[in-house]
*Asks:* 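Have a look at the structure that comes next, please.
Remember, predicted model here, so these are calculated numbers, not experimental data. Chain A is the first sequence line, chain B the second, and so forth, proteins listed ahead of strands; every chain is numbered from 1.
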Number of protein chains: 2
Amino acid sequence: MQTNMILHGDCIEKLKEIPDNTIDLIFADPPYNMQLKNILYRPNNTKVAGVDDTWDKFESFNEYDTFCTAWLIECRRILKETGSIWVIGSYHNIFRVGAIMLNLGFWILNDVTWYKINPMPNFLGTRFTNATETLVWCSKSAYTKKYTFNYKMMKKYNGDKQMTSVWHIKLCTGEERIKGSDGKKAHSTQKPEELLKRVILSSTHKDDIILDPFFGTGTTGAVAKKLGRQFIGIESEQNYIDIAQKRIDSITTLWEESDWIEK
Amino acid sequence: MQTNMILHGDCIEKLKEIPDNTIDLIFADPPYNMQLKNILYRPNNTKVAGVDDTWDKFESFNEYDTFCTAWLIECRRILKETGSIWVIGSYHNIFRVGAIMLNLGFWILNDVTWYKINPMPNFLGTRFTNATETLVWCSKSAYTKKYTFNYKMMKKYNGDKQMTSVWHIKLCTGEERIKGSDGKKAHSTQKPEELLKRVILSSTHKDDIILDPFFGTGTTGAVAKKLGRQFIGIESEQNYIDIAQKRIDSITTLWEESDWIEK
DNA sequence: TATAAAGGTGAATCCGCAC
DNA sequence: AGTGCGGATTCACCTTTAT
């Protein structure tokens with residue numbers, strides 16, 4: 001199978017083109033269906049640049065569930081028996097996604113909490129600061145016991161203590177955050193590379209094939225390349241593909257094992 | 001309405017006896033025994049899950065969903081417009097519970113992560129240490145904007161910084177853990193009082209009525225009493241009720257406000 | 001050149017009342 | 001239901017500018 005490429009088109013359609021039992025790892029960052037209604041102002045009266053993309057808007061819970069069921073069915077079909085899948089979400093969608101995954105026969109291995117070191121505060125003091133996102137890590141079924149998990153590597157990465165399901169990671173900002181020609185963020189929801197690093201290091205071997213059905217600006221592909229893995233991306237917006245391709249092509253040196261094994 | 005009492009009987013039946021719009025806060029720690037063991041450990045079936053197994057699992061999930069839908073419908077009915085509900089769970093059940101709550105019209109305010117300081121390690125090295133449980137905090141609907149939230153109190157409690165949705169709390173062990181006459185833990189899932197303290201302090205006023213439909217050994221009642229709130233417990237096992245009643249009766253002094261306001 | 005101050009920003013379901 | 005307006009409301013990190 002051809003790898004290290006980005007497929008342009010509808011997520012579900014492209015997934016259907018992939019043969020059964022061929023993928024080692026899937027990382028999926030689907031739309032969250034945030035349902036934002038009003039403009040939010042900071043205390044200094046500037047506006048918060050919220051997620052206002054059309055790809056995040058769904059008519060109803062039912063429509064969202066139908067969409068997620070469809071892509072998750074394909075994901076389960078193409079996973080190897082030794083493979084696993086990670087899906088990230090917030091409280092807006094992760095409960096629906098998790099329930100659907102259970103219904104489809106996925107077997108939850110961990111619910112990992114991305115604990116944001118520098119989350120955006122709750123400006124109006126109406127709730128607790130929303131400081132996390134959730135990753136659900138699943139094997140293909142309860143019977144696939146031989147999923148890849150590099151336990152010792154993650155322990156070493158974590159200072160010789162067993163890594164827990166809580167990951168302290170900063171938001172993707174500054175240099176790492178890709179900007180458009182207008183100087184603004186190129187994608188509303190770019191994920192930090194550290195997050196993908198842990199996902200890929202923990203649950204793949206070298207040269208494994210990693211699929212990301214919501215490729216965006218290509219964080220999964222970039223980290224896969226740096227870690228010596230193969231990737232397949234699916235993305236419906238050509239603009240994001242162009243950015244991702246350029247980003248990945250510009251990577252010339254891989255991360256040395258000493259950067260992560262010995263940390 | 002009579003308060004500070006424990007109702008003995010079926011959770012859903014007892015909930016039905018409570019009038020509409022009368023409860024200020026609900027804390028629910030439902031069971032998550034989905035009866036999957038017979039499926040999981042069935043001999044001679046270590047291959048891929050077949051159709052029959054998927055069906056079995058669906059039946060089991062379906063039963064759990066029906067149960068949760070029933071008690072959550074009653075909870076929503078009895079909540080005041082200014083009230084809110086907290087439900088705690090692990091990855092085994094919280095996704096199903098969260099999805100059901102959304103379907104019933106509850107409005108998620110936060111998903112709070114109980115980050116266990118001293119979780120049980122994963123002895124086999126097959127997964128990340130499961131270090132969290134999740135609490136879903138909801139108002140009655142998206143339109144009930146006047147839910148109780150003591151923002152400033154929680155900020156003060158948190159060292160004058162906005163409290164986030166991640167709570168570092170120890171497991172309930174040692175002195176606090178109630179033991180039976182055999183010296184073993186009286187209840188398998190007793191929650192730490194610190195957890196309930198934050199729930200109750202953040203989302204009730206003094207003298208408010210707090211309902212716990214899965215009362216167990218009465219942590220909710222104990223903390224409610226110490227903080228000057230009223231409680232109603234529902235519990236189906238008389239053994240737990242006896243322990244809880246004794247526990248609550250033995251509380252003679254309330255927590256001083258200085259214990260939490262000034263921390 | 002080094003340090004300090006100022007400014008920008010992040011998947012956000014973020015107000016309440018009067019008219 | 002929609003609009004308008006008074007009033008209360010923020011944390012950590014990064015970049016840029018100033019001293």
*Asks:* For N130(A), which contact category applies under a 4.0 Å heavy-atom criterion: base, sugar-phosphate, or nothing?
*Replies:* sugar-phosphate
*Asks:* Would you indicate what P192(A) reaches in the nucleic acid, counting non-hydrogen atoms under 4.0 angstrom: base, sugar-phosphate, or nothing?
*Replies:* nothing
*Asks:* Please check the phosphate of dG10(C) (OP1 and OP2 only) for any side-chain N or O of K185(A) closer than 4.0 Å.
*Replies:* yes
*Asks:* Classify N38(A) by what it touches in the nucleic acid, base, sugar-phosphate, or nothing, heavy-atom distance under 4.0 Å.
*Replies:* base
*Asks:* Name the nucleic acid region contacted by R42(A), choosing base, sugar-phosphate or nothing; use a 4.0 angstrom heavy-atom cut-off, strictly under.
*Replies:* base
*Asks:* Using OP1 and OP2 only, check whether a side-chain N or O of Y151(B) sits under 4.0 Å from dT10(D).
*Replies:* yes
*Asks:* Given Watson-Crick or G-U pairs with both distances under 3.5 Å, what dot-bracket string fits DNA chain C, with | for other-strand pairs and [ ] for crossing?
*Replies:* .|||||||||....|||||
*Asks:* Counting C-beta onward and ignoring hydrogens, is there a side-chain heavy-atom pair between C75(B) and L15(B) closer than 4.5 Å?
*Replies:* yes
*Asks:* Does OP1 or OP2 of dT9(D) have a side-chain N or O of K152(B) closer than 4.0 Å?
*Replies:* yes
*Asks:* Where the side chain of E133(A) meets the backbone of S90(A), is there a donor-acceptor pair that is under 3.5 Å apart?
*Replies:* no
*Asks:* Starting from C1' on dG10(C), measure out to CZ on R177(A) and report it in whole angstrom.
*Replies:* 7 Å
*Asks:* F123(A) on top of dC14(C)'s base, within under 5.5 Å and under 30°?
*Replies:* no
